[in-house]
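This report refers to the structure that appears directly beneath it.
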Amino acid sequence: MRIFPGLSIVAVAAAVDYSQYVNPFIGGAGPYPGLAFGGGDIFVGGAVPFGSVKVGIDTFETNISYAQINGGWTPEGLVTGISMLHVSGTGASPKYGLIPQMPLTTVEPPVNVLDNTTYWQKRVGNDSASVGYYRTKLENGVSVELSATHNAGIMQYHFPAGDKHILVDVSHYIPNPTGGYASQTFQGGEISIHNATYSGYGVFGGGWNEGAPFPVYFCGEFDTPPSEVRTFRGPNTDPMTRIQGLSSEPIQQPMFHQAGHQKSGWSNDRIGAVFSWSNGTAGRIRSKVGISFVSAEKACQFKDREMTSWNLNNTADAAVKKWNEEVFEKIRVPTDGPRVNKTNLILLYSSLYFMHLTPSERAGDNPFWESDEPYWDDFYTLWDLFRCTVSLYHLIQPAAYERMIRALIDTWRHQGYMPDGRSGFSNGQSQGGSNSDNVLADAYVKGLRGNINWTAGYHAMLKNAEVQPINTFSHDDESASVREGRGALDDWLKVGYVSSTSTRAISRTAEYALNDYAVSVVAAGEAPDDAHKYLQRSAGWQNIWNEDVHIRGFKGFLAPKTLNGTWNLTNYDVLQCGVSDCGFLGYSFQTVPFEESFLIPMDMKSLIQKMGGDDEFARRLDYIFLPNTSAMDLGVNGADITTIMNIGNEPDFGIPYLYNYINQQYRSVNQSRALANQYFKNELYGIPGNSDAGAINSWLVWSMIGLYPITTQPIYLLESPWFDDINITVNGNATLRIRSSGDPMTLGQAEFFVKSVKVNGKSWDKNWLEHDQMMVHGGTIDFEVGNETMIWEKGDLPPSPGHITL
Ligand SMILES: *[C@@H]1O[C@H](CO)[C@@H](O)[C@H](O)[C@H]1NC(C)=O
Ligand SMILES: *[C@@H]1O[C@H](CO)[C@@H](O)[C@H](O)[C@H]1NC(C)=O
Ligand SMILES: *[C@@H]1O[C@H](CO)[C@@H](O)[C@H](O)[C@H]1NC(C)=O
Ligand SMILES: *[C@@H]1O[C@H](CO)[C@@H](O)[C@H](O)[C@H]1NC(C)=O
Ligand SMILES: *[C@@H]1O[C@H](CO)[C@@H](O)[C@H](O)[C@H]1NC(C)=O
Ligand SMILES: *[C@@H]1O[C@H](CO)[C@@H](O)[C@H](O)[C@H]1NC(C)=O
Ligand SMILES: *[C@@H]1O[C@H](CO)[C@@H](O)[C@H](O)[C@H]1NC(C)=O
Ligand SMILES: *[C@@H]1O[C@H](CO)[C@@H](O)[C@H](O)[C@H]1NC(C)=O
Ligand SMILES: *[C@@H]1O[C@H](CO)[C@@H](O)[C@H](O)[C@H]1NC(C)=O
Ligand SMILES: *[C@@H]1O[C@H](CO)[C@@H](O)[C@H](O)[C@H]1NC(C)=O
Ligand SMILES: *[C@@H]1O[C@H](CO)[C@@H](O)[C@H](O)[C@H]1NC(C)=O
Ligand SMILES: *[C@@H]1O[C@H](CO)[C@@H](O)[C@H](O)[C@H]1NC(C)=O
């Protein structure tokens, strides 16, 4: 393209359709071909950024012990429905998969609409998907296309000649393939048919966060009036022995009715409808479904207002426009010419896509309380997102991020605690600390104010810091609450660490320490008299630093201590978690103490001293990246990873960058590049573990733009960008421009070691910079790179603002 002088370059730039570089399948499988196990658990389907509705297929993988169906889509799973609500990237037990349609060519026996195994469908050919659009073809000959707006979905079916049916099973949800305590449950509902439209609600509970029941209202419509509609009902044989008396009975036959209305009643009967079209009807049938959590009327309004056309591609085009304008155009890299590496474009824009699927914005659509504050749901989880995702929201989505934080605070106001995890209007599960503290602190120290009531925000943090939540006796851990807050707070308040009588003593001590650091930085502005107290408490990790514990030539680690202060090293191993699944009941959660002992971002100075100084610190860091050193099989949270450092899970995200703290930035660049190149690919098995609401994808975005945030501190470590020119829209409308002298073709691969850096045109001798220097009014960072490693930074080390000598 020739650009003539006088033409607006901005207008040309804005016309780039970055959505074409998104591969919505990255993360769809793990190391076992054809299976989702160990992959990203991603959602594939129609969605807009942070949409409430995410429309996609639900599948069942019959190899139960390897089934991982949380995102709905799996590479080869059998299709059980096309449903409206999904989360993306979650592990543990599934949530959602609610309000489905299922296109069928027969409903005659052996099909039993109460038994999905009698009608589920293989897919034929390859699925195709792009931003806002998904298409598949079922073995019964029906092709399905779908797209979505914020609160509604649209489906277009092409049936082969013959009978056509669409099953609407209100009681459908994504099951937990292995059953068990955290399965979802259907707790009743209602459906009413009016000609070619239907509406009603279902009530659902349980799922990964063991959430309370919540209603989902729906309003559906077909473009072609059906020739017959039958409603049905049948006993709920949901295999939840503690809820359903009929759990051990075989699935029964439904009772069909001509009546246009069914309601569950107290026994939670399963209900639904079958819409049928005769042979004479054209093969194409289209449908729109609106979703609300408040009323069916509102669901109808969403559908009618957001989807004015029956042309599905109009909805898909609108979604593409929204994704480009609200997400992809925030980070602009060169897309034209021979010197462009398309793989890297795909990795960048796909990563941005996955980190904007959840959480879900549900403003004004919350059935549990009335408020003028925004409402957001599906935080999965702040334990994952605080590491580096929220800091990216801050840069490129400041308005949405402000609303998110207001919703976190409003959740405290109305339900007692801010969430760590939250879905379907319920808090849960908390894996360690109260990491909403870290999120609020990160926003606060970087100056996010807007309409956030920080007085209230600080009170919400104090609740986490001072009030142990009541025990809800979760099956995950019956010893204390894992729903919200800090379950081992009593220990922390009494002795300044989480004692070995509590579960997850090591990882919770490290997390509570950072949480209290977070409280201290907000206190510094909101309640200055409190700041010292929380800063002092943040040093609690030092109370369990055992300088005698040694392994493989390294000495000094976090170790379990009893309440009376004696060490409890029974069954303790620096390279183990204390339980085989590394779950809630061990002494360290989804990490071993070797990893956890690196996670003290607010006081790296003390940590490096305790590890024996710079050289020992570097030697230990080097070791954590060596293959075949791990002694713990982390299953889906680290499939095929044999280093102790686990890039497949969030806690270690910052570890590759810690060499910056000894002014050896080239080694951070080297380790982070090696991980990125080994584990992130434009393939189905393209991320090294659960996407966790895009947390893992945001890690890659930071690597690609050559920065890394230290959450709760207003600083960014400098690394090395993958592109020779990057413009990032920060703080709403300022531009941060990052350039590299490297050859754009090989920047991702070879020539990326930093020789010098200029910040706003002036040479810069530190390997970090401050938020205010760059992220408020914009600015420039220029990296001069080459293929030789060198120590270029002679300036001050990155700060340790929580430095305390106990
Ligand atoms: C399930 O998948 C695993 C991993 O691919 C495989 O080893 C196992 O044989 C499969 N089991 C069945 C019953 O297909
Ligand atoms: C509809 O078409 C199918 C397949 O072509 C045929 O088997 C069936 O008898 C037809 N039904 C009616 C009512 O015409
Ligand atoms: C499908 O049927 C199986 C067997 O009855 C059941 O376990 C599962 O919950 C059902 N639902 C889906 C969506 O797979
Ligand atoms: C059903 O819908 C069709 C097509 O929109 C319309 O012609 C018909 O009058 C409707 N019937 C009723 C009872 O509303
Ligand atoms: C809608 O878009 C898809 C994907 O780009 C395309 O295959 C299909 O032909 C389009 N349909 C219409 C009706 O334009
Ligand atoms: C970045 O912005 C500058 C200044 O507007 C412009 O010259 C350059 O082409 C932009 N680069 C990219 C990759 O958008
Ligand atoms: C901010 O929150 C505090 C604490 O809940 C409350 O007292 C105050 O009224 C709120 N301020 C505004 C402007 O809503
Ligand atoms: C010592 O640690 C073990 C776990 O390794 C734990 O089961 C036990 O309760 C601890 N004892 C005390 C007194 O803290
Ligand atoms: C501390 O507690 C442990 C475990 O309960 C016990 O074995 C030890 O004797 C206690 N030590 C003191 C000094 O009370
Ligand atoms: C840029 O954004 C700030 C903050 O939202 C706003 O005050 C300012 O008016 C905006 N400037 C332009 C030129 O849009
Ligand atoms: C583009 O980058 C990818 C990954 O970053 C790399 O594997 C590939 O070799 C590069 N392609 C070319 C043509 O340099
Ligand atoms: C760096 O590049 C130069 C020039 O291409 C080459 O001679 C040298 O061997 C390279 N050094 C390394 C460490 O790859």
Side-chain angles (χ1 to χ4, degrees), residues 1 3 5 7-18 21 29-39 60-69 74-78 177-178 324 328-337 339-341 344-345 348-349 369 371-374 396 405-418 440 449-463 522 525-527 633 635-636 639-640 684-685 704-706 721-730 733-740 742 744 747 760-761 778-782:
M1 179 194 311
I3 297 171
L7 279 188
S8 162
I9 291 174
V10 173
V12 172
V16 177
D17 174 15
Y18 297 101
Y21 303 112
Y32 307 104
L35 293 176
F37 184 89
F60 196 86
E61 293 186 310
T62 52
N63 186 344
I64 300 288
S65 38
Y66 285 80
Q68 201 71 47
I69 58 179
T74 55
E76 294 172 7
L78 298 154
T178 52
N324 275 331
F328 306 134
E329 285 169 17
K330 304 286 179 184
I331 302 187
R332 303 173 296 283
V333 299
T335 54
D336 253 348
R339 283 157 59 83
V340 163
N341 182 327
N344 290 342
L345 288 180
L348 175 64
Y349 290 105
W369 65 84
S371 169
D372 293 333
E373 287 296 282
I396 63 176
I405 287 176
R406 289 167 64 189
L408 291 175
I409 296 169
D410 212 39
T411 300
W412 157 77
R413 205 185 274 290
H414 291 93
Q415 293 193 323
Y417 282 92
M418 293 189 284
L440 265 63
R449 295 294 182 270
N451 290 316
I452 299 170
N453 180 340
W454 278 108
T455 311
Y458 182 62
H459 282 295
M461 294 173 81
L462 282 184
K463 181 79 176 283
V522 178
E526 297 299 318
D633 179 0
V636 291
D640 266 10
L684 261 189
Y685 180 34
M704 297 187 104
I705 66 175
W722 294 36
F723 303 94
D724 65 339
D725 193 9
I726 310 173
N727 285 321
I728 307 180
T729 300
V730 296
N733 54 24
T735 302
L736 161 63
R737 188 172 191 192
I738 299 172
R739 278 178 296 195
S740 170
L747 258 179
N760 290 330
T780 60
I781 312 174
D782 290 288

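Just follow the structure's listing: the first ligand is 1, and inside any ligand the first atom is 1. For this chain, numbers begin at 1 and follow the sequence in order.
- The atoms of ligand 6 that sit less than 4.0 Å from any heavy atom of Arg332 are 13 (C), 14 (O).
- Not a single protein heavy atom sits closer than 4.0 Å to atom 9 (O) of ligand 1.
- Any N or O atom pair closer than 3.5 Å counts here, and Thr455 shares no such pair with ligand 7.
- Between the side chain of Tyr349 and the backbone N or O of Ile331, at least one donor-acceptor pair lies under 3.5 Å.
- Glu61 places no side-chain N or O within 3.5 Å of a backbone atom of Thr74 that could act as its donor or acceptor partner.
- In terms of heavy atoms, Pro721 sits closest to Ser740 at CG-CB, 3.8 Å.
- At least one donor-acceptor pair under 3.5 Å links the side chain of Asn324 to the backbone N or O of Tyr18.
- Closest protein heavy atom to atom 1 (C) of ligand 1: Asn63 ND2, 1.4 Å.
- With a heavy-atom cut-off of 4.0 Å, Val333 touches ligand 6 through its backbone alone.
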Trace of the side chain to side chain contact (heavy atoms under 4.5 Å, CB included) decision for Val16 with Arg332: CA-CA 9 Å; Val16 177; Arg332 303 173 296 283; over 6 Å; no

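- With atom 6 (C) of ligand 7 as the reference point, the heavy atom nearest to it among Ile409, Asn453, Asn451 is part of Asn453.
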Evaluation steps, side chain to side chain contact (heavy atoms under 4.5 Å, CB included), between Met418 and Thr411: CA-CA 6 Å; Met418 293 189 284; Thr411 300; 5.8 Å; no

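- In summary, the atoms of ligand 6 found under 4.0 Å from a heavy atom of Asn727, numbered by their order in the structure, are 1 (C), 2 (O), 3 (C), 8 (C), 10 (C), 11 (N), 12 (C), 14 (O).
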Verdict with supporting geometry, Thr729 and Glu329, side chain to side chain contact (heavy atoms under 4.5 Å, CB included): CA-CA 8 Å; Thr729 300; Glu329 285 169 17; over 6 Å; no

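- For atom 14 (O) of ligand 7, a protein heavy-atom neighbour is present inside the 4.0 Å cut-off.
- For ligand 7, the atoms sitting less than 4.0 Å from at least one non-hydrogen atom of Arg413 are 1 (C), 2 (O), 5 (O), numbered in the order shown with element in parentheses.
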